[in-house]
Number of protein chains: 2
Amino acid sequence: MKGIRRLAQDLNISIGTVSRALNGRSDVSEDTRRRVLEAAAEMGYVPNQAGRSLRQGSTNAIGFMIELGADINSNSDTFFMGVFDGVQSVLTRHHLDLVALPCPTDENPSVYLQRMIGRRLVDGLIISATHRKDSRIDLLTKARIPFIALGRSMTSGDYPWIDLDFDGVARRGIDRLVAAGHSRIAAAVPSNDINLGFVFLDGYKAALKRHGLPLDPALIMRVPSSELGGYQLGRDILAMKDRPTAIILNYELLALGIYRQLAEAGLQPGRDLAIVGFRENPVSRFMSPRLTCFRVSLRDLGIALGESLLATMPAYAEAYPLGMVQRIWPMELVPGESDVG
Amino acid sequence: MKGIRRLAQDLNISIGTVSRALNGRSDVSEDTRRRVLEAAAEMGYVPNQAGRSLRQGSTNAIGFMIELGADINSNSDTFFMGVFDGVQSVLTRHHLDLVALPCPTDENPSVYLQRMIGRRLVDGLIISATHRKDSRIDLLTKARIPFIALGRSMTSGDYPWIDLDFDGVARRGIDRLVAAGHSRIAAAVPSNDINLGFVFLDGYKAALKRHGLPLDPALIMRVPSSELGGYQLGRDILAMKDRPTAIILNYELLALGIYRQLAEAGLQPGRDLAIVGFRENPVSRFMSPRLTCFRVSLRDLGIALGESLLATMPAYAEAYPLGMVQRIWPMELVPGESDVG
DNA sequence: TGTAGCGTCGTAAACGTTTACGGTAACGAG
DNA sequence: CTCGTTACCGTAAACGTTTACGACGCTACA
């Protein structure tokens with residue numbers, strides 16, 4: 001005898017009553033509820049999730065899919081840890097738990113996602129590292145699984161998303177550099193088809209136009225989103241005949257590689273090449289000269305993701321009357337010395 | 001009509017046969033198996049996990065618990081992502097999936113773990129960031145859940161673990177520094193009760209003794225495991241009246257803070273303070289002078305964790321005759337210029 | 001022809017919950 | 001006393017699988 005049956009037997013009441021007591025139904029006397037809760041706590045009873053899921057058709061869990069291949073190189077895991085914490089803080093209010101679903105590098109993300117959906121082990125999903133065209137979005141809408149994307153996509157159809165303000169970052173970065181007298185400003189964008197690169201690039205182009213600066217295709221530099229990519233980027237820049245005097249980055253660790261490359265060439269960030277970095281992170285705070293970059297509260301971002309996801313789920317929506325969230329998440333400029341000589 | 005019932009109806013065979021066909025049983029003709037697999041693929045049928053779990057008493061999933069509070073500060077960056085990838089690569093061979101369970105900062109890890117165990121949403125668990133006394137180990141052994149710990153603990157009882165070679169790192173670090181002529185060598189250890197700090201410290205003490213060097217308690221410096229802790233550590237060292245000439249670190253991002261602190265004081269790592277770092281990571285490769293540190297293949301570590309965990313699970317043990325794994329994971333020295341002036 | 005064996009399949013129970021439904025006792029109002 | 005109402009609780013079905021068991025048809029061999 002196990003589980004709720006055991007509990008009921010010990011207390012000499014029916015399993016139905018035990019279940020009602022545990023789930024906070026009203027049609028159970030306060031006295032028996034107390035006895036049930038006590039007994040449950042004592043014997044360490046936790047409802048079997050498989051049983052619940054099967055009966056209720058819901059799992060009380062939310063999934064956060066991360067792509068080990070893409071995310072490793074477009075974020076670091078302090079990024080996700082921070083976001084996780086925020087999401088979880090929202091979910092616990094509703095007795096939901098967060099599970100992270102790491103899609104291995106050698107598996108197709110859509111196939112992986114489809115398997116996870118089919119398994120039905122989460123009630124809702126957060127996906128990240130959205131690509132330019134992301135078939136996962138179609139998959140999720142077709143399967144009618146509540147979800148939200150961390151990142152926009154060009155995939156058609158309306159769906160909820162929250163995305164960092166890549167456009168604003170590009171704009172403000174250019175503004176700062178132009179104000180400092182620069183006119184040949186390069187932009188680093190990822191070499192894969194992650195959507196954020198396109199948004200960033202659009203912002204870059206618009207900002208140049210607004211300042212009346214010409215767009216030189218040679219200054220749009222595609223590199224892998226990694227510190228190694230930054231190193232390579234630095235070398236490419238130094239090798240150019242008509243070298244830019246400034247550059248804006250769209251991935252947080254690129255700056256490391258450039259710093260190193262400049263150091264090896266006896267050059268100095270800020271004086272010999274103005275650099276505007278991307279996300280402030282534990283590393284950027286300890287670079288010298290200090291990197292000009294943009295701050296974002298990961299926890300708040302996670303909270304927003306959690307709340308916006310719940311807003312799309314009928315069972316929780318009344319607590320979050322947000323509708324379909326499509327929101328650009330602001331980033332705060334953190335001035336450093338890397339962009340002013 | 002949904003799920004397997006629908007599939008069976010479409011094919012005009014019983015659900016039992018469909019199930020057997022899908023699960024690769026022998027008592028089903030090759031012809032019907034083919035038809036079933038085709039139909040399943042076409043309609044995108046994936047077995048409902050709740051149903052399977054309930055019937056089989058297993059979930060086909062392995063959990064990897066990470067402590068958002070502790071792990072953020074005892075590991076960083078791509079550490080977990082790399083390990084996840086290795087673990088998953090083992091699990092997929094057995095149709096198991098990996099789910100990461102992020103314990104929020106504001107929840108007690110043992111309580112969280114107990115809830116996860118009770119929910120029965122994983123068949124086995126990997127825990128990390130083991131503390132000196134870690135009640136999670138008692139919990140898991142008592143509940144008879146297969147598990148393995150990434151990190152040793154002083155908790156009594158035999159249980160499987162794999163741990164980085166903190167002892168060897170301390171020993172080899174000291175050896176190098178002594179060979180370079182240093183005799184006042186400090187050690188940085190974490191200020192919390194994560195077990196790795198104690199192992200590291202033991203290695204440090206043993207190495208000093210072997211070289212006939214005195215143990216100065218003032219040189220054992222406890223700091224938070226973060227880059228900020230490194231900054232603080234650098235300040236503390238510079239403020240000492242009888243300053244050490246070298247230091248070994250046991251957390252990978254400490255070096256960043258020290259570098260910064262030295263730079264602000266006009267000093268240089270390697271020349272003014274010899275530094276032996278901990279784990280080689282994307283950041284350490286781009287510091288200058290290059291940090292002397294230790295390399296570990298995260299993917300291989302993940303593979304070992306996965307295999308060792310499966311070895312403890314009756315259903316998979318025959319493929320991995322490893323017994324109870326208790327293994328110290330070697331780290332390879334990567335010489336830099338931060339410890340030799 | 002009888003029967004043993006084999007290959008293939010259908011039947012139905014079981015896993016641990018939740019919940020619709022009905023039933024009982026107590027109580028108050030008429 | 002009767003009847004309706006309320007508060008509480010038990011019963012049993014249902015969720016979607018897997019699997020033990022038995023049944024059936026066929027072949028092979030005595």
Side-chain angles (χ1 to χ4, degrees), chain A residues 1-37 39-40 43-61 95 115-123 143 315, chain B residues 1-37 39-40 43-61 95 115-123 143 315:
Chain A
M1 190 76 63
K2 297 189 308 182
I4 202 177
R5 202 155 258 119
R6 166 102 201 282
L7 200 52
Q9 197 180 40
D10 285 5
L11 291 167
N12 250 354
I13 52 182
S14 77
I15 61 173
T17 304
V18 174
S19 174
R20 279 190 297 263
L22 291 173
N23 291 16
R25 300 274 142 147
S26 62
D27 55 348
V28 50
S29 78
E30 275 315 310
D31 182 57
T32 56
R33 184 194 306 284
R34 192 181 39 72
R35 282 172 52 220
V36 169
L37 290 179
M43 76 185 296
Y45 169 78
V46 181
N48 179 306
Q49 189 54 46
R52 304 194 75 186
S53 301
L54 192 55
R55 170 62 219 229
Q56 312 196 113
S58 67
T59 63
N60 300 311
H95 301 284
R115 201 170 70 239
M116 292 303 156
I117 292 175
R119 279 194 160 207
R120 236 145 285 210
L121 85 175
V122 292
D123 295 337
Chain B
M1 189 77 62
K2 298 188 310 180
I4 202 175
R5 200 155 260 122
R6 166 101 202 281
L7 200 52
Q9 199 179 37
D10 285 5
L11 291 167
N12 248 354
I13 53 183
S14 76
I15 61 172
T17 304
V18 173
S19 175
R20 278 190 298 264
L22 291 172
N23 291 17
R25 299 274 142 149
S26 62
D27 56 349
V28 49
S29 77
E30 275 315 310
D31 182 57
T32 56
R33 184 194 307 284
R34 192 182 39 72
R35 282 172 51 219
V36 169
L37 290 179
M43 76 186 296
Y45 169 77
V46 180
N48 179 306
Q49 189 55 43
R52 304 193 75 186
S53 301
L54 192 54
R55 170 62 218 228
Q56 311 194 113
S58 66
T59 62
N60 299 312
H95 301 284
R115 201 170 70 237
M116 291 304 155
I117 292 175
R119 280 194 159 205
R120 235 146 286 206
L121 85 172
V122 292
D123 295 337

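Summarising the geometry, atom CD1 belonging to B:Ile15 is positioned 11.0 Å from atom CG belonging to B:Leu7; distances are rounded to the nearest 0.5 Å. Here the OG1 atom belonging to A:Thr17 is positioned 11.0 Å from the CZ atom belonging to A:Arg33, to the nearest 0.5 angstrom.
When atom types are taken as modelled, the side chain of A:Arg120 and the backbone of B:Gln49 share no donor-acceptor pair closer than 3.5 angstrom. Listed for the B:Arg52 side chain is no donor-acceptor partner under 3.5 Å among the backbone atoms of B:Ser58. A donor-acceptor distance shorter than 3.5 angstrom exists from the side chain of A:Arg35 to the backbone of A:Leu11, with no hydrogens or angles considered. Using modelled atom types, no side-chain atom of B:Arg6 and backbone atom of B:Met1 make a donor-acceptor pair closer than 3.5 Å. Not a single donor-acceptor pair under 3.5 Å links the side chain of A:Thr59 to the backbone N or O of A:Ser53. Side-chain N or O atoms of A:Arg119 include none that pairs as donor or acceptor with a backbone N or O of B:Pro47 at under 3.5 Å. Remark: the backbone N or O of A:Ser19 is not paired with any side-chain donor or acceptor of A:Arg25 at under 3.5 angstrom.
Between B:Ser14 and the phosphate of C:dC9, there is no side-chain N or O to OP1/OP2 separation shorter than 4.0 Å. One finds no side-chain N or O of A:Asn48 lying less than 4.0 angstrom from the OP1 or OP2 phosphate oxygen of C:dC15. Proximity of A:Thr32 to the phosphate of D:dC8: no side-chain N or O atom is located under 4.0 Å from OP1 or OP2. Contact check, B:Tyr45 against D:dT17: a side-chain N or O comes under 4.0 Å of OP1 or OP2. Regarding contacts with the backbone of C:dC9, a side-chain N or O of B:Ser29 is found under 4.0 angstrom from either OP1 or OP2.
Between the P atom of C:dC9 and the CG atom of B:Leu11 lies a distance of 11 Å, rounded to the nearest Å. Nucleotide D:dA7 holds its P atom 13 Å from the CD atom of A:Glu30, rounded to whole Å. If you measure from atom NE2 of B:His95 to atom C1' of D:dT17, you get 17 Å, rounded to the nearest angstrom. Counting to the nearest Å, the C1' atom of D:dT17 and the CG atom of B:Asn60 are 12 Å from each other. Rounded to an integer number of Å, the gap from B:Leu22 CG to D:dT19 P is 12 Å. Taking atom CD1 of A:Ile15 as the reference point, atom P of C:dT19 lies 13 Å away to the nearest angstrom. Atom CZ in B:Arg35 sits about 14 Å away from atom P in C:dT8, given to the nearest Å. The nearest whole Å value for the distance from the CD1 atom in A:Ile13 to the P atom in C:dT18 is 14 Å.
As judged by a 4.0 angstrom heavy-atom cut-off over every strand, B:Ser53 is placed among residues making no nucleic acid contact.
Toward the 5′ end of DNA chain C lies the nearest nucleotide of B:Arg33, the other residue of the pair A:Gly51 and B:Arg33 mapping further downstream. Nearest-nucleotide positions on DNA chain C for B:Val28 and A:Val18 put B:Val28 closer to the 5' end.
Interface residues of residues 1-9 of chain A facing DNA chain C, ordered by number: A:Lys2, A:Gly3, A:Ile4, A:Arg5; criterion, heavy-atom separation under 4.0 Å.
Here the side chain of A:Gln56 is nearest to one of C:dT19, C:dG10, C:dC15, namely C:dT19. Relative to the side chain of B:Ser19, the nucleotides C:dT18, D:dT18, D:dC8 differ in distance, and D:dT18 lies closest.
The closest side-chain heavy-atom distance from B:Leu121 to A:Leu121 is not below 4.5 Å. Under the 4.5 Å side-chain criterion, counting only non-hydrogen atoms from C-beta, A:Val18 is not in contact with A:Thr32. Put simply, the side chain of A:Arg34 reaches to within 4.5 Å of the side chain of A:Asp31, judged on heavy atoms.
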Please write out the pairs of protein N or O atoms and N or O atoms of nucleotides 20-24 of chain D separated by less than 3.5 Å, giving the distance to one decimal.
from, atom 1, to, atom 2, distance (Å)
D:dA20, N6, B:Arg20, NH1, 3.3

For a side-chain contact (heavy atoms from CB on, under 4.5 Å) check, start with the C-alpha distance between A:Val122 and A:Ile117, then their side-chain angles and the critical distance, and finish with the verdict. CA-CA 8 Å; A:Val122 292; A:Ile117 292 175; over 6 Å; no
Scoring nucleotides 23-28 of chain C by protein non-hydrogen atoms under 4.0 Å (B base, S sugar-phosphate only, - none) yields ------
